[in-house]
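Note sheet for the following structure.
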Amino acid sequence: MADLPPRSSVKRWLVTTNHKDIGILYLITSIFFLVVAGVLALLIRLQMLESGGTILGGAEYNQVVTAHGLLMVFWFLSPFAFAFANYLVPLQIGAKDLAFPRLNAMSYWLYLFSGLALIASFFQGGTHEGGWTLYAPLNVPAFVPRVAEMGETTAVIGLVLFVTSVTLGSVNFLTTIYRMRAEGLRMRDIPLFSMSILLTVWMMLFAFAALLAATILLSSDHLLATQYFTDEHGGSMLWAHLFWFFGHPEVYIVFFPALGAMAEIIQTFSGRRLVGRKWFIIAMALVAVQSFIVWMHHMFLTSINLPIKTIFMVTTVGISLPFDLMVFALIYTMIKGRIRWKTPFLFALGALLIFILGGITGVFLGAVALDYQFRGSYWVVAHFHYVMASGAVALIGGLYYWYPKITGKMYNEFLGKVHFVFAFIGFNMLYFPMFLVWETPRRVFEFPEGFTLWHQVATAGAFLFAASFLIMFYNLFRSLYSDRTVDSSPWAYTGSAEWAIESPPPEGNFPGRPSFASGKLDFVSDPATDGGVEDGHAATDGGVAHASTGHDVHMDHASWWPLLVSLSGLLVAVGIGGIPASYVLWPFAFALPFFVAFLGIEGARQDGRARIHDLYVVLSVPFLLALLGGFHFHHGLVDGFAGANNTFYLTLVGAVLGAYTFAGIGYEKFNVPEPELTEAWPFENVTNTKLGMWTFLGSDIILFGALIGSMIFIRFQFGWTDWWPAAGYTDKAVWPGLVNTYVLLASSFTIVLAYVYAKRGSRRKTLAFLSLTFAGAAVFLVNKAYEWNELYINQGWTHTSDIMGSTYYLTTGLHAAHVIVGMLILLFLIARAYTGAYWSDDEDAHTVEYFGLYWHFVDIVWLFLFPLFYIL
Amino acid sequence: MLGSRVILNILSGDPTVAQVSRDPTDVFNDLLTAFLVMGTIVGVVVVAYILHSAYKYKIDDTPAEGQYDIDTSTFADEDETESVARPQLGEIPSGVGKGGGKKLFLSFAISALIVVGLIIFAYWNLLYIEDTPEDAIEIGVDANQYDYEYTYPSGETTSQLFIPADKPVELNVTACHPGECGTPGEGDGEVWHTWHSQDLSAGADAIPGQYTQTWVQESDPGEYRVQCQELCGAGHSSMNFDDGVVVMEQDEFQDWCEDEECMDDEELDNWLNSPAEGDN
Ligand code: HEM
Ligand SMILES: [Cu+2]
Ligand SMILES: [Cu+2]
């Protein structure tokens, strides 16, 4: 499938991979989640009308508070920003699309389905009840009422899906922004909104990896009954560290895009270029880096010691200073401006004002002695709503600003202003009183009598604020059908490239190849020639502009697979929470032979049937039988399947669908030619895929770093030397780990040889070394299974025995999962190599190289795990 | 060891009297006042300046014929003479916008000074708060779902915190099941709470398996509110106690303590009769 149906067809929206379509999907979906989370917010405020509550019980209230926070932060604010990012970043930097359009579609569907999973969790006995910070140990099943066990787990798994979506998105945007800028557009010159997105995705890449680690551990506590967060030696603190290491960058992640939008809007409507643009960008970059070293300011009240508190107080105050500079830059941009008080400007201005209040009150929190009292109070609630909602308000400004670009129609200016007035008044009525009655603990509905009046004012403000959005919905919806059409730029003093093309932009974005080679934007209409390349040289950062064959290659735009892959994720997410621990892994085990069979079937369909495909199909049968044997041994074949509940089968269907769709997406011929003549500094010499792989591995490093760090943290809390003796080991066998180390290292070597021979065009040797790598991995797993069997079955030391068991099995297990994924990919590579891929085409050979990067990474991780779990 | 209290006394220029029985509430109130005053000043100045600028440079935004925004060509003359960089469609933005830089850094420097000054002041007070007075006695606070239990030096437990006026009390806070506190595995089965008394300006996290400390001191006898400020389950909302702390006159406390055997008599005597720290 290749070409897109028209926009009026439903199918278009299911198969599209076009960045503008995806942007619109993100926009609508995020607004949907805004409405859901907003209704929850109104419930909270109704409950707060008087002390003791009027409509909800304690557990329900906690669910509402939790879901409100999760939905607003994860499923509304960031994705709302990424709606604009999807739509605008390629336009602003002069790219036709993102680097990996199919992956982008997958990010979207995973995002939508993860949110639906969270909503579904309400109907599975109740969603999570521990607040959006999910503090431990309240977040583990032991503290969850039995009825809500499944829903709580579903909420966590939903979060895991969401993190996956975000990680894919970060990889995509980083690759795009680094490698696909129009000729002559240096990194430092990209428009401010794109710049803010760049820094946002950098933070996302690392911060969300930490959240992934945290949620994987939490899922494991839920599904497999490991004991990370119930561990009394430091489980609670471990969660707090992991969560806030993610959580603080996250607050900037949600705010940065808004900052970028604010800068662009204020620039346009002041008719003045941002003052101190360079410093503004440097300040943003500084904040992005520094955001990773302030997390413990959320933990001033815990048992961390004074020197550490002091350090984090300093970094926290330090991080408020770059914000200072940015705020002043925005203010001075207005000086000598030609300011038009249009709706987007009003929203940006309003956002700036409330951000200042939020920032000032944040400094209060940074003063440790004050935070001792503020922590957990409405002061924090008021502070972060001022800053975060400032972000939301700025993005609403962005919505009005770019609405004409996206729709080709102008909104109604009067209604826009009315919306602003109500929103601004409502907002302040809602949150300012919270500063006054800050002694109310957050997340409660009982408070001293004297606070009632202010809480009621807040509730009134909430309804006003919410109502103002009805005006916006009406305005934006009606305007779609108005005759107020706009040409390329309805606004005066716009600068960036999206305003240079018609509204809405055409399918291919630009009327020619965008280029800044002349010092300003041109659309070059001729196919790239050698002359163009030379022009490119003149304007780069010392980088080389890329040239390749001139003719326009066919590009694919439509695929069902992203939707289907994500759908399998949804099925698993809503099912897995209901499966007893002893059954949890089986659906995924059963999916493996199906994957092998599908590799054969899909391979035959796409590449032409060959013996290897038959072999896969045939081999999948004994593989499945072997697994059934294992299942029989574990649960009894008949009893096991009869005793499994519905959610088991739902998950099984999801896992098998996943196996099918991964095979499908792997074989699909989806052509996304690398763009020609782009500015790719500093990554001119790698391909998009390689850069994507690197960034992905970057996030994987954080994931394993966090897992290893967790083990070390708990072991320190426990007493380093008491660790193994407490598990009953004075003397652990080192040799299985040692053997595995050699095996893995050898397989790293064989994969390199596979790449070398693929480049040389040797079919036989390519296949041989790919197979050898597979064999190495298999030996690793067999050895591991032997070792685990000894420990788990014979010695009875399981992942639930003690915290040592939990960390040991989970960390090495996750590594083993990486090995298994590698083997599955190898099977795919072998099948493709068999039918002529990689070795017959020089370009194609790189696929083996990219896989090699992953494989080396898996090996390197082992080099850390081995000493940690076998020697020390 | 040179305790921070000593440093504070020296810094304040009067090594003996200045810091005598400064309750945590006084410290907190001083700090909050300072921050509120400075915060309000900065906030008002900046917000006023923004509104002023946004208004001052507002132009007539009547759209040009058939357009939604002004016609920039009407400003062509002005553009010739002034030095302000206006965005142009399709431009490469960097390196062109000059001006405003000096002012930017000046205002940045001023605001940075204010923030840093405030924080140093706050830090100074933090050292005071962190330094529990030597003559404080320690009382254990064990939080559970959804109550607190206080353990006096004798091992006697109560459900309210009774303390004498004007005497510092150190609270050693954790979370555990009642009856299992202080034993191995004590944190099992409990969740994260906090112990907060806004009235007494004191608070600490109550974390299973961890101990955190804070101290209180209050001169006015009476009842003070205690509340939990960390979501801890379905009953979190009602985990607050208007009479969670009872501050008594010292002799009243003495009677109470002797009745309840809250601590060793001699120890009690010594404590209540010791001069306030720094008084000598
Ligand atoms: C001027 C710079 C800022 C400073 C000094 C600051 C400081 C702090 C501190 C110390 C806390 C912890 C309070 C506590 O729980 O006891 C906090 C909480 C928070 N801040 Fe800020 N902040 C700043 C800006 C921001 C920004 C820009 C955002 C996001 C847009 C933000 C979002 C949050 C959130 C969401 C929380 C609460 C998290 C929770 O407990 O649920 N802050 N801030
Ligand atoms: Cu933070
Ligand atoms: Cu609580």
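Worth saying up front: this structure is predicted, and the values here are computed from it rather than measured. Convention: sequence-line order gives letters A, B, ...; per-chain numbering from 1.
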Go through the steps for A/T310 and B/Y123 under the test side-chain hydrogen bond (donor to acceptor under 3.5 Å, both in side chains), then give the verdict.
-> CA-CA 8 Å; A/T310 306; B/Y123 189 61; 3.0 Å; yes

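- For A/S515, no part sits under 4.5 Å from any heavy atom of chain B, backbone or side chain.
- The contact between A/A329 and chain B is made by backbone and side chain atoms together, counting heavy-atom distances below 4.5 Å.
- Proximity of B/S107 to A/Y332: side-chain heavy atoms (C-beta onward) are separated by under 4.5 Å at one or more points.
- Rounding to the nearest 0.5 Å places OG of A/S377 at 6.5 Å from CD of B/Q198.
- Looking at B/H196, only its side chain comes within 4.5 Å of chain A, counting heavy atoms on both sides.
- For the pair B/E130 and A/K309, the minimum side-chain heavy-atom distance is below 4.5 Å.
- For A/K336, the parts lying near chain B are the backbone and the side chain together; criterion is any non-hydrogen pair under 4.5 Å.
- Contact of B/T214 with chain A is not made at all, since no heavy-atom distance falls under 4.5 Å.
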List the steps and the verdict of salt bridge (charged side-chain N to carboxylate O under 4.0 Å, His left out) for A/R338 and B/E82.
-> CA-CA 13 Å; A/R338 292 181 186 139; B/E82 64 174 16; 3.2 Å; yes

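- The choice from A/I339, A/I281, A/V317 that makes the most heavy-atom pairs within less than 4.5 Å of chain B is A/I339.
- By number of non-hydrogen pairs under 4.5 angstrom with chain B, the leading residue of A/V368, A/I335, A/T133 is A/I335.
- Put simply, the side chain of A/Y135 does not reach to within 4.5 Å of the side chain of B/L231, judged on heavy atoms.
- For the atom pair CG (B/D69) and CZ (A/R340), the distance works out to 4.0 Å, reported to the nearest 0.5 Å.
- Contacts between A/I304 and chain B at a heavy-atom distance below 4.5 Å are absent for every atom of the residue.
- For A/N62 (side chain) and B/G233 (main-chain N/O), a donor-acceptor pair under 3.5 Å exists by modelled atom type.
- A donor-acceptor pair shorter than 3.5 Å cannot be found between the side chains of B/Q229 and A/Y378.
- Checking B/S237 against A/Y61 by side-chain atom types alone, no donor-acceptor pair falls below 3.5 Å.
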Please assess A/D324 against B/S111 for the test side-chain hydrogen bond (donor to acceptor under 3.5 Å, both in side chains), listing each intermediate value before the final yes or no.
-> CA-CA 7 Å; A/D324 246 20; B/S111 61; 2.4 Å; yes

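- Counting all heavy atoms, side chain and backbone alike, B/L31 lies closest to A/A369 at CD1-CB, 3.5 Å.
- Using a 4.5 Å heavy-atom threshold, the side chains of B/F105 and A/W279 count as touching.
- The minimum heavy-atom distance between B/S238 and A/E446, with the atom names listed, is CB-OE2, 3.3 Å.
- Among B/T212, B/L126, B/L89, B/D242, the residue making the largest number of heavy-atom pairs under 4.5 Å with chain A is B/L89.
- Note that CZ of A/F447 is 12.0 Å distant from CD of B/Q227, once rounded to the nearest 0.5 Å.
- With chain B as partner, the option from A/L321, A/L521, A/L370 having the largest number of non-hydrogen pairs under 4.5 angstrom is A/L370.
- Nearest approach of B/R86 to A/G337, heavy atoms of both residues: NH1-CA, 3.9 Å.
- To the nearest 0.5 angstrom, B/D205 atom CG is 12.5 Å from A/F300 atom CZ.
- Heavy atoms closer than 4.5 Å to chain B are found in the side chain of A/Q717, but not in its backbone.
- No side-chain heavy atom of B/P87 sits less than 4.5 Å from a side-chain heavy atom of A/T268.
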Name each donor-acceptor pair under 3.5 Å that joins a side chain in residues 48-58 of chain B to protein atoms two or more places apart or in another chain, with its distance.
from  : atom 1 : to    : atom 2 : distance (Å)
B/S53 : OG     : B/Y49 : O      : 2.7

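- A donor-acceptor pair under 3.5 Å links the side-chain atoms of A/Q373 to the main chain of B/A202, judged by distance alone.
- If you take CD1 on B/I120 and CE on A/M313, they are separated by 8.5 Å, rounding to the nearest 0.5 Å.
- Both the backbone and the side chain of A/A500 come within less than 4.5 Å of a heavy atom of chain B.
- Scanning both residues, A/V363 and B/V115, for their nearest heavy atoms gives CG1-CG1, 4.2 Å.
- Rounded to the nearest 0.5 Å, atoms CG (B/L104) and CG (A/L325) are 4.5 Å apart.
- Salt bridge A/R442/B/E230: absent, no basic N to carboxylate O contact under 4.0 Å.
- Of the atoms belonging to A/I331, it is side-chain heavy atoms, and not backbone ones, that fall under 4.5 Å from chain B.
- Counting only heavy atoms from C-beta outward, the side chains of A/R484 and B/Y68 approach each other to under 4.5 Å.
- A salt bridge between B/R225 and A/E439 is absent, with no side-chain N of the basic residue lying under 4.0 Å from a carboxylate O of the acidic one.
- A/A367 approaches B/F35 most closely through the heavy-atom pair CB-CZ, 3.6 Å.
- Contact of B/Q145 with chain A is made through the side chain alone, with heavy-atom distances under 4.5 Å.
- Looking at heavy atoms from C-beta onward, B/Q67 lies out of side-chain contact with A/P490 at the 4.5 angstrom threshold.
- Heavy atoms closer than 4.5 Å to chain B are found in both the backbone and the side chain of A/S236.
- Classification of the B/F28-A/W438 ring pair by plane angle, with boundaries at 30° and 60°, yields tilted.
- Looking only at heavy-atom pairs under 4.5 Å with chain B, the residue among A/L138, A/V65, A/T440 that has the most is A/L138.
- For A/I360, the part lying under 4.5 angstrom from a heavy atom of chain B is the side chain only.
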Between A/F328 and B/F108, is a ring-ring contact (aromatic ring centres under 6.0 Å, His included) present by the stated rule, with each step listed?
-> CA-CA 7 Å; A/F328 282 117; B/F108 171 63; 7.9 Å; no

Applying side-chain contact (heavy atoms from CB on, under 4.5 Å), run through A/T302 and B/Q210 and close with a yes or a no.
-> CA-CA 8 Å; A/T302 65; B/Q210 308 273 323; over 6 Å; no

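- For the set A/K342, A/E413, A/H233, A/Q63, the count of heavy-atom pairs under 4.5 angstrom toward chain B peaks at A/K342.
- Closest of all the heavy-atom pairs between B/T72 and A/A492 is CG2-CB, 3.5 Å.
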Dump the intermediate steps for side-chain contact (heavy atoms from CB on, under 4.5 Å) on A/R375 and B/T194, then the final yes or no.
-> CA-CA 9 Å; A/R375 170 86 199 143; B/T194 81; 5.7 Å; no

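- Residue A/I356 touches chain B through its side chain alone, counting heavy-atom pairs closer than 4.5 Å.
- Residue with the most contacts toward chain A among B/Q213, B/E78, B/M38, B/M239: B/E78 (heavy-atom pairs, distance under 4.5 Å).
- At a 4.5 Å heavy-atom cutoff, the contact between B/D79 and chain A is made by backbone and side-chain atoms alike.
- Side-chain contact between B/L32 and A/F364 is present, with at least one heavy-atom pair separated by less than 4.5 Å.
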